[in-house]
Amino acid sequence: MSAPCQQPAAPPAASVPPLTPAPATRRPAVDWRIRFAALSLIWGFSFLLIKVGTQGFAPFQVTLGRLLAGTAVLAVAMAMRRERLPRSARTWGHITVAAFFLNALPFSLFSYAELTIPSTLAGICNATSPLWGMALSVVALSEDRPTRRRVAGLGVGFLGVLTVLGAWQGFSGLDLPGTGMALLASFSYAVGWIYVRRTLAGTGSSTLTLTGSQLFIGTLQLAVVTPVFTSAPDTFPLLPTLSVLALGALGTGLAVLLQYGLVQEVGPTTGQMVTYFIPVIATAAGVALLGEQLTWNTPVGAVIVLAGAALTQSRPAATTAARTRTTGDRAKRLSRT
């Protein structure tokens, strides 16, 4: 997967390079709808797992364990498929930057944020990443020109954010530092996506290779930082330990493979739709399993955020038709030559 998508193929929780994979060589045994549902559940439960993990370990330790487990899963997958690591020093430099913005920084920010905010709020903040991406792409990517629909989606989305945060109440009862870190994590994903699209497209490496390399570098980054700010844990409580391992092996490893296969089979547009299920599942899991409180403005605001995010990712039908006609006209001209 070496060519960039027009839209990010991976949801924020995935934090993998949004590149288009090569066509699938054989039909998977499990229907794509089942894999889509599994992916939604895995990423939706990630915020609950972060919350449980931070009950036994420091945030940096949760992130390091997550990256270690995720890297191990992708390393096995790369070995089975005989994927080769990138050889260019320039590519590794870009991967290092991508690992910081797509893994090390946002994973750590979400872990720190969930020390003081509910996992439900963290999941909804995660859904703002397409909004940040649209706002940044207008400046950073010349091919993404703003349209009225996309600008309207941006406005609607941030209105949803204000609804979730209860702006009319003066943000009373809201942990501003924790919420700010969760929103900053989503912003970091958007920065990382744009960076990847500008630097890692056309490198000749597959998405699996780039993602595995990215997680490996992210693990090294956390391995350097974690001992500086934390001490080695004295104990490994069962539930937090299992949560961190599941967060890495499932949410950062297996989920990437599932999403990789979905994009191969049904395309990036359908593959990225999983983004809109994540906050719904995160909210349900936090309320049902962690007993987190839910006021009316949280689900209402989440719906508004998702509606805005959907608008920012949409393309007018007329634009699609015009592209189709242009492609057809080019084909006719070529057939006459």
Side-chain angles (χ1 to χ4, degrees), residues 10-16 39 41-79 95-96 98-119 122-123 125-126 178 181-182 184-186 188-189 192 208 211-259 278 282 285-286 289-290:
S15 63
V16 299
L39 185 59
L41 287 171
I42 290 172
W43 274 331
F45 271 84
S46 292
F47 299 95
L48 179 147
L49 295 175
I50 293 172
K51 172 67 78 173
V52 176
T54 55
Q55 293 173 359
F57 301 103
F60 276 138
Q61 293 170 345
V62 171
T63 303
L64 177 58
R66 174 182 187 175
L67 285 169
L68 276 171
T71 301
V73 171
L74 291 193
V76 172
M78 290 172 63
I95 288 173
T96 300
F100 176 76
F101 284 109
L102 289 175
N103 300 115
L105 179 60
F107 288 2
S108 299
L109 285 172
F110 272 124
S111 294
Y112 270 101
E114 291 199 41
L115 290 176
T116 55
I117 68 172
S119 64
C125 289
N126 179 82
M181 284 189 284
L184 183 59
S186 297
S188 179
Y189 284 137
L208 179 59
T211 305
S213 302
Q214 178 185 302
L215 289 181
F216 172 70
I217 294 297
T219 303
L220 293 182
Q221 291 171 344
L222 261 296
V224 172
V225 171
T226 301
V228 175
F229 293 95
T230 67
S231 57
D234 296 326
T235 60
F236 290 84
L238 181 61
L239 198 55
T241 300
L242 292 178
S243 295
V244 172
L245 292 176
L247 181 65
L250 299 179
T252 313
L254 177 61
V256 168
L257 299 178
L258 287 173
Q259 203 269 340
I278 292 174
L289 299 179
L290 296 180

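As a basis for the values below, the full set of heavy atoms in this structure was taken, side chains included, without hydrogen atoms, waters or symmetry mates.
In terms of heavy-atom proximity, P106 sits nearest to S188 at CD-OG, 3.6 Å. Among all heavy-atom pairs drawn from A182 and I117, the shortest one is CB-CD1, 4.0 Å. Of all non-hydrogen atoms in S119 and G286, the two that sit nearest each other are OG-CA, 3.7 Å. The shortest non-hydrogen separation linking V73 to L254 is CG1-N, 3.8 Å. Closest heavy-atom contact between E114 and A122: OE2-CB, 3.6 Å. For the residue pair A223 and L64, the shortest heavy atom distance occurs at N-CD1, 3.9 Å.
Looking at N103 and R66, their side chains never come closer than 4.5 Å, going by heavy atoms from C-beta outward. Here the side chains of S108 and F60 are in contact, with some heavy-atom distance below 4.5 Å. Looking only at side-chain heavy atoms (C-beta outward), L250 and L49 stay at 4.5 Å or farther from each other. Contact check for W43 versus N126: no side-chain heavy atoms found under the 4.5 Å cut-off.
Put simply, the side chain of S111 gets close to the backbone of F107: a donor and an acceptor are under 3.5 Å apart. T54 contributes no side-chain N or O that, together with a main-chain N or O of L115, makes up a donor-acceptor pair within less than 3.5 Å. Side-chain atoms of S243 never come within 3.5 Å of backbone atoms of I50 as a donor-acceptor pair (strictly under, hydrogens ignored). Proximity of a side-chain donor or acceptor of Q221 to a complementary backbone N or O of T96 within less than 3.5 Å is detected.
Checked against side-chain contact (heavy atoms from CB on, under 4.5 Å), A282 has the following partners two or more places apart in sequence or in another chain: F47. The side-chain contact (heavy atoms from CB on, under 4.5 Å) search around L74 returns L208, T211, L215, V256, L257, not counting sequence neighbours.
Environment of CZ in F216: sparse, with no more than 12 heavy atoms of neighbouring residues, nucleotides or ligands closer than 6.0 Å.
In this structure, the separation between CG on L68 and OG1 on T252 is 11.0 Å, given to the nearest 0.5 Å.
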Donor-acceptor contacts under 3.5 Å from residues 225-241 side chains, at least two apart:
from	atom 1	to	atom 2	distance (Å)
T226	OG1	L222	O	2.7
T230	OG1	T226	O	2.7
T241	OG1	P237	O	2.6

Could you give me the CA-CA distance, side-chain angles and deciding distance for I42 and L258, then say whether side-chain contact (heavy atoms from CB on, under 4.5 Å) is met? CA-CA 10 Å; I42 290 172; L258 287 173; 3.9 Å; yes
